[in-house]
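Step one of this worksheet: look at the structure below.
Letters A, B, ... are given to chains in the order of the sequence lines, protein chains preceding strands, and every chain is numbered from 1.
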Amino acid sequence: MTSVFDTLTQRGFIQQTSHEDELKELLGKESVTFYIGFDPTADSLHIGHYVVLMAMAHMQRAGHKPIALIGGGTTMVGDPSGRTDMRQMLTKEEIQKNAERFKDQISSLIDFSDDKAIMVNNADWLLDLNYIDFLRDIGSQFSVNRMLTAECFKSRMERGLTFIEFNYMLMQSYDFLVLNREYGAVLQMGGDDQWANILAGADLIRRKEHRSAFALTCSLLTTSEGIKMGKTQKGALWLDANKTSPYEFYQYWRNVNDADVKRCMMLLTFLPVEQIEEMCSHNDHRINDAKRLMAFELTKQVHGEEEALKAQQAAESLFGGAKDADSIPSTEINMEQYQQNQRIIDIMALCALTKSKGEARRLVTQGGVSIDEEKITDPEMVVQEDSLKKGILIKKGKKTFHRVVLK
RNA sequence: GGAGAGGUUCCCGAGUGGCUAAAGGGAGCAGACUGUAAAUCUGCCGUCUUCGACUUCGGUGGUUCGAAUCCACCCCUCUCCA
């Protein structure tokens, strides 16, 4: 068995590990059961989760056994790590619903057949915990003094930290302990913002079970300037096609900075390291080939080959000149809507191309909008009914295309 | 529980009676330049039926011709003390 540790290092996944030498040796000699937790705080995973999922996939491919933990219980508490304010409290029903979506999304990258991976939900053991028992058994193992020195609480020490959130670390540590006892999990992985929580869990196992346990965190997906990636104007870059369309998803990666391509390819695709090195060695327009490949591969991984091809074709045709009507984001409007929104600015606002009619008006005035490749300048322009029936292609700026059809 | 400080447009942050839809910065959007990149420069950046109107400065009332700015009460946050 080749050590996946080298692979992960080579591709730039590893940010921090505990007991590095010991862990490296272990991963090289036997199949290790490890876990990663995902708190269902939204109804879809986003690209930030994806880096960690990739790490999980690499591990699985190397013969180790992943446990995907859905934080149905921990989400009831809310992780304060890296947050400047308290998370919104979600209801049990919302959490449950989100958890279901997570399961589907994780399954697309991780093979759960034949018990090759397990999925668990910490709600199963956290929700019915007895407070006093828990405090005596687990709480007694934690030093508040030490917890307070953790980096993840720093920002909160200035702004305020509630007791419920302060308990999060104990919950997560307890998860690790449970999984260690039940499934023999000896390694927990996660994003680097989870370092303190993960380490606390490993310590707990060592203390209570007198067994080795390891912590490993993955780099966060950041730009070369250290800014978090995966933000779009609509918020996060979601894995759910309904929240971020495959076309938008594709375009995001097609447009990343030169300086970030290599890192993204390493972390987010399975392309061979040598190939990535080679493709990203150019400083001129040839770097675009790398971006194109990355966008395609990643879209394929997340949305499937068919969607990836469609996104790619749409992009190539839109930017290449020939307009391929399919697979461009589009909106169908009905007669009633049309009667109330005949001007171009009304239609743009209706299709959410702009947040308001005022914004649409400004854009048109500034020359940022064209219809069927023809620049328009009059915001009061009325879109004719018969041309709308055939469908018009609105272009906002250089890269945003939207098709509108009257039904 | 006591004492102090504060809550401003997406974020940070000025503004202490009319000149304020509210400085400045960031983010974002657009134009130019390019490689569907970055950097840079320029414009925009509350809503609408846009040479005008309407809604905004924690909430509710009040003073005033006129309030983000003054008063009262309330809610919330932070700091120190208990």
Side-chain angles (χ1 to χ4, degrees), chain A residues 80 83-86 88 154-162 165 222-237 247-265 279-296 298-299 311-324 327-329 339-371 373 375-382 393-402:
Chain A
R83 283 236 149 197
T84 51
D85 55 356
M86 189 166 151
Q88 204 193 340
K154 285 272 168 64
S155 58
R156 299 306 300 277
M157 292 309 290
E158 285 154 32
R159 300 265 330 143
L161 178 70
T162 59
E165 298 170 281
T222 51
T223 66
S224 49
E225 274 128 33
I227 301 161
K228 252 193 189 175
M229 286 188 72
K231 290 277 180 202
T232 68
Q233 48 176 318
K234 289 181 194 157
L237 196 65
Y247 175 77
E248 279 175 275
F249 189 84
Y250 179 93
Q251 280 298 307
Y252 183 90
W253 301 109
R254 179 64 187 78
N255 283 317
V256 298
N257 292 178
D258 290 4
D260 302 323
V261 186
K262 184 167 151 186
R263 191 176 155 70
C264 290
M265 284 179 101
M279 290 191 85
C280 297
S281 59
H282 308 290
N283 280 330
D284 50 23
H285 63 275
R286 280 174 294 174
I287 192 87
N288 273 323
D289 295 336
K291 292 185 192 178
R292 208 171 288 130
L293 181 63
M294 167 169 72
F296 178 75
L298 190 45
T299 309
Q312 189 179 45
Q313 275 161 15
E316 303 287 328
S317 74
L318 284 171
F319 289 99
K323 298 292 171 275
D324 169 13
S327 62
I328 304 164
Q339 261 144 19
Q340 282 160 11
N341 302 282
Q342 303 202 341
R343 291 174 311 170
I344 182 63
I345 56 170
D346 299 329
I347 291 170
M348 288 181 73
L350 184 71
C351 299
L353 263 173
T354 56
K355 283 200 282 290
S356 67
K357 291 175 194 177
E359 189 183 326
R361 185 184 297 276
R362 275 178 240 121
L363 268 174
V364 172
T365 314
Q366 286 178 108
V369 177
S370 47
I371 295 177
E373 286 307 289
K375 188 167 275 192
I376 55 167
T377 47
D378 177 18
E380 299 295 328
M381 189 195 112
V382 171
L393 182 72
I394 302 176
K395 182 178 171 194
K396 176 194 144 197
K398 269 180 299 198
K399 294 177 224 161
T400 311
F401 294 87
H402 200 94

Notebook entry, point to check: What is the per-nucleotide protein-contact pattern of nucleotides 46-57 of chain B, from the 5' end, where B denotes a base atom under 4.0 Å from a protein heavy atom, S denotes such proximity for sugar-phosphate atoms only, and - denotes neither?
Noted result: -SSSB-------
Margin query: Which nucleotide wins on minimum distance to the side chain of R254(A), given the candidates C29(B), U36(B), G35(B)?
Written below: U36(B)
Item checked: Euclidean distance, atom CG of residue N255(A) to atom P of C29(B) [Å, nearest integer] -> 11 Å
Notebook entry, point to check: Toward the 5' end of RNA chain B, which comes first, D284(A) or Q366(A), by nearest nucleotide?
Noted result: D284(A)
Margin query: Side chain of K398(A) only, heavy atoms from C-beta on: which candidate in A37(B), C29(B), C33(B) is closest?
Written below: C33(B)
Item checked: Earlier contact from the 5' end, RNA chain B, for G397(A) and D258(A) -> G397(A)
Next item on the list: For the pair K291(A) (side chain) and V256(A) (backbone), establish whether a donor and an acceptor sit closer than 3.5 Å, ignoring hydrogens and angles.
Entry: yes
Next item on the list: Using the P atom as the reference point in each nucleotide, state the distance between C41(B) and A27(B) in Å, no decimals.
Entry: 12 Å
Checklist line | Residue I287(A), side-chain heavy atoms: nucleotide from C44(B), G35(B), U36(B) that is nearest | finding: G35(B)
Margin query: Can you confirm whether M265(A) sits close enough to L293(A) that some side-chain heavy atom of one is under 4.5 Å from a side-chain heavy atom of the other?
Written below: yes
Item checked: Note, I345(A) side chain near M381(A) side chain (heavy atom, < 4.5 Å) -> no
Margin query: Between R263(A) and D260(A), does the salt bridge (Lys or Arg N to Asp or Glu O under 4.0 Å) criterion hold? Intermediate values first, please.
Written below: CA-CA 6 Å; R263(A) 191 176 155 70; D260(A) 302 323; over 6 Å; no
Next item on the list: Nearest whole angstrom, please: distance from the P of U34(B) to the NZ of K399(A).
Entry: 15 Å
Checklist line | Nearest-angstrom distance from the residue atom NZ of K395(A) to P of A30(B) | finding: 11 Å
Item checked: Listed partners of N283(A) passing side chain to side chain contact (heavy atoms under 4.5 Å, CB included), at least two apart -> none
Margin query: The side chain of N257(A) is closest to which nucleotide in this list: A38(B), C29(B), U34(B)?
Written below: A38(B)
Check: So what is the 5' to 3' dot-bracket string for RNA chain B, if pairs are Watson-Crick or G-U wobble with both distances under 3.5 Å, crossing pairs use [ ] and | means the partner sits on another strand?
Finding: (((((((..(((.....[.....))).(((((.......))))).(((...)))...(((((..]....)))))))))))).
Next item on the list: Send over the distance from K291(A) NZ to U34(B) P, rounded to a whole Å.
Entry: 16 Å
Note to self: Show, in sequence, the C-alpha distance, side-chain angles and deciding distance for D346(A) and R343(A), and conclude whether the salt bridge (Lys or Arg N to Asp or Glu O under 4.0 Å) test is met.
What the structure shows: CA-CA 5 Å; D346(A) 299 329; R343(A) 291 174 311 170; 2.9 Å; yes
Item checked: Between A30(B) (C1') and L353(A) (CG): distance, integer Å -> 14 Å
Note to self: Counting the atoms with a prime plus P, OP1 and OP2 as sugar-phosphate, which does D289(A) contact under 4.0 Å by heavy atoms, base, sugar-phosphate, or nothing?
What the structure shows: nothing
Margin query: Counting the atoms with a prime plus P, OP1 and OP2 as sugar-phosphate, which does V369(A) contact under 4.0 Å by heavy atoms, base, sugar-phosphate, or nothing?
Written below: nothing
Margin query: Just the rounded figure in Å: distance from C1' of A37(B) to CG of N288(A).
Written below: 7 Å
